[in-house]
Amino acid sequence: MLVKFLWGCLVICQLIASPEKIIVGLSADYPPFEFKQGEEVVGFDVDMAKEIGKQLGVEIEFKDMAFAMLFKALDQGEIDIIISSVTASEEKSKNFDFSDPYFYDTWAILHKSNESITKQNLDNKSIACQLGASGMQAWLKNQSKGVKIVLMDAMTQMAEAIKSGHIDGALMDATQCKEFVKNSKDLAFTVVGSTAMGTAVALKKESPMLGKINAAIAVLKKNGTLKNFENKWIDDNNQTVKRNVFSDLWFIAKGLPTTLSYSFFAMCIGAMLGIFWAVSRHLKFGSWLITGIISILRGTPFLLQLSFVYFSAPALLGIKLSVLVAGSLTLGINSAAYLAEILR
């Protein structure tokens, strides 16, 4: 009996240490490392993640989300690892583990082609950084006390803000800057620094996968696979972004079924809950509680509510919610608060 128990424990440990599937979190707005071609996510990091999966003998599943949410998703167990051009830093190393670096890049400031920005003239300049890029934010603060740091979600958002004159520049990897300059004659960039820690895979603290991922990266370096990816996506990448009105409209049209699904379920939840709250407010017992809930829902940002339902609530209740369930539930509850007041 004891032998069977120990054997069962060994099997469970092996399953935990060697998962059949690894969920990789990334933010697909960072060409040439991770970006979308149609509906498919491609790039340097995507190819590397697939090769790591082959080395470990596991399936790789990609989960695209905003860069600022990646580490929270990793901490909550929504994803297993992050491969999204993450620069290892001492601050993040306190809470997460990082693999051996697989790529080294320099930092540059993207700016208008007729307005050069260097380390020497950062004072009174508004420079954008991506949400979650704490190392770049700290670098800017150390370079100039007068610089205004603007936090944004996506790199494309930064580039458009520069062209429209809302910000003076954006700090990002030089490789990323080259992609924007290649697709826009109005932009240029200036290399301003580098990081000695390099780009790495991020994992949970004391993750059992760290050693295996480091071994896989070492193999990819030794057999020249990483160098081939670098030649393919960075050195020889001559792709330009081609967009027109019809392709944009088709892209939006393909998303309509998803939008209608969220709207339908949210309306059902919102209608039933809104009517219940509106009636409950006229009851003596518990009306103060309903009033408080409605006030909180109407007085807090919807994105904050969505983040709580999708990330915090599952951690508190031990239940993982799908994107559809979390989105529909949050939209329904939020609309119920407004509907309850309208009906009252």
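- Contact detail for Tyr104 and Pro101: the closest heavy-atom pair is OH-CG, 3.0 Å.
- Side chain of Gln176 to main chain of Met172: no donor-acceptor pair is present (N/O by atom type, distance under 3.5 Å, no hydrogens or angles).
- Closest non-hydrogen pair, Lys125 versus Val147, comes out as O-CG2, 3.4 Å.
- In this structure, Asp173 contributes its side chain and Thr175 its backbone to no donor-acceptor pair below 3.5 Å.
- Looking at every heavy atom in both residues, Leu321 comes nearest to Ala326 through CB-CB, 4.2 Å.
- By the ring-ring contact (aromatic ring centres under 6.0 Å, His included) test, Phe44 pairs with Phe33, Phe103, sequence neighbours left out.
- Evaluation of the side-chain contact (heavy atoms from CB on, under 4.5 Å) rule for Ser126 yields Lys148, Val150, Ile167, Asp168 as partners, not counting sequence neighbours.
- Under the 4.5 Å side-chain criterion, counting only non-hydrogen atoms from C-beta, Ile149 is in contact with Lys141.
- Side-chain N or O atoms of Asn334 include none that pairs as donor or acceptor with a backbone N or O of Thr330 at under 3.5 Å.
- For the pair Gln305 (side chain) and Thr300 (backbone), a donor-acceptor distance under 3.5 Å is present.
- Under the 4.5 Å side-chain criterion, counting only non-hydrogen atoms from C-beta, Val24 is in contact with Ile22.
- Under the side-chain contact (heavy atoms from CB on, under 4.5 Å) criterion, Lys227 pairs with Glu230, Asn231, not counting sequence neighbours.
- With sequence neighbours left out, Thr259 forms a side-chain contact (heavy atoms from CB on, under 4.5 Å) with Ser263.
- Closest approach of Asp64 to Ala28, counting heavy atoms only: OD1-N, 2.9 Å.
- For the side-chain contact (heavy atoms from CB on, under 4.5 Å) test, residues two or more places apart in sequence or in another chain that qualify with Lys112 are Asn114, Glu115, Ile162.
- Formation of a donor-acceptor pair under 3.5 Å by the Asp186 side chain with backbone atoms of Lys163 is not found in this model.
- Each of Leu70, Val46, Asp45 was evaluated against Leu26; a single residue qualifies, Val46, per the side-chain contact (heavy atoms from CB on, under 4.5 Å) test.
- Between the side chain of Thr118 and the backbone N or O of Gln120, at least one donor-acceptor pair lies under 3.5 Å.
- In this structure a side-chain-to-backbone donor-acceptor pair under 3.5 Å is present from Asn183 to Glu179.
- With Lys205 contributing its side chain and Asp75 its backbone, the two residues share no donor-acceptor pair below 3.5 Å.
- Residue Lys54 places its NZ atom among 12 or fewer non-hydrogen atoms of other residues, nucleotides or ligands, all under 6.0 Å distant.
- With Ser184 contributing its side chain and Val181 its backbone, the two residues share no donor-acceptor pair below 3.5 Å.
- With a 4.5 Å cut-off on side-chain heavy atoms, Phe62 and Lys50 count as touching.
- In Phe302, the CZ atom is crowded: over 12 heavy atoms of neighbouring residues, nucleotides or ligands sit closer than 6.0 Å.
- Glu34 and Ser84 make their closest contact through OE2-C, 3.4 Å (heavy atoms, listed as atom of the first residue, atom of the second, distance).
- Taking 4.5 Å as the limit, every side-chain heavy atom of Leu260 sits out of range of all side-chain heavy atoms of Pro257.
- Remark: Phe71 pairs with Phe96 by the ring-ring contact (aromatic ring centres under 6.0 Å, His included) rule, at least two apart or across chains.
- Thr190 and His111 share a side-chain donor-acceptor pair at under 3.5 Å.
- For the pair Met65 and Ile79, the tightest heavy-atom approach, listed with the atom from each and the gap, is CE-CG2, 4.2 Å.
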Lys204/Asp80 under salt bridge (Lys or Arg N to Asp or Glu O under 4.0 Å): CA gap, chis, key distance, verdict: CA-CA 8 Å; Lys204 270 190 171 183; Asp80 299 313; over 6 Å; no

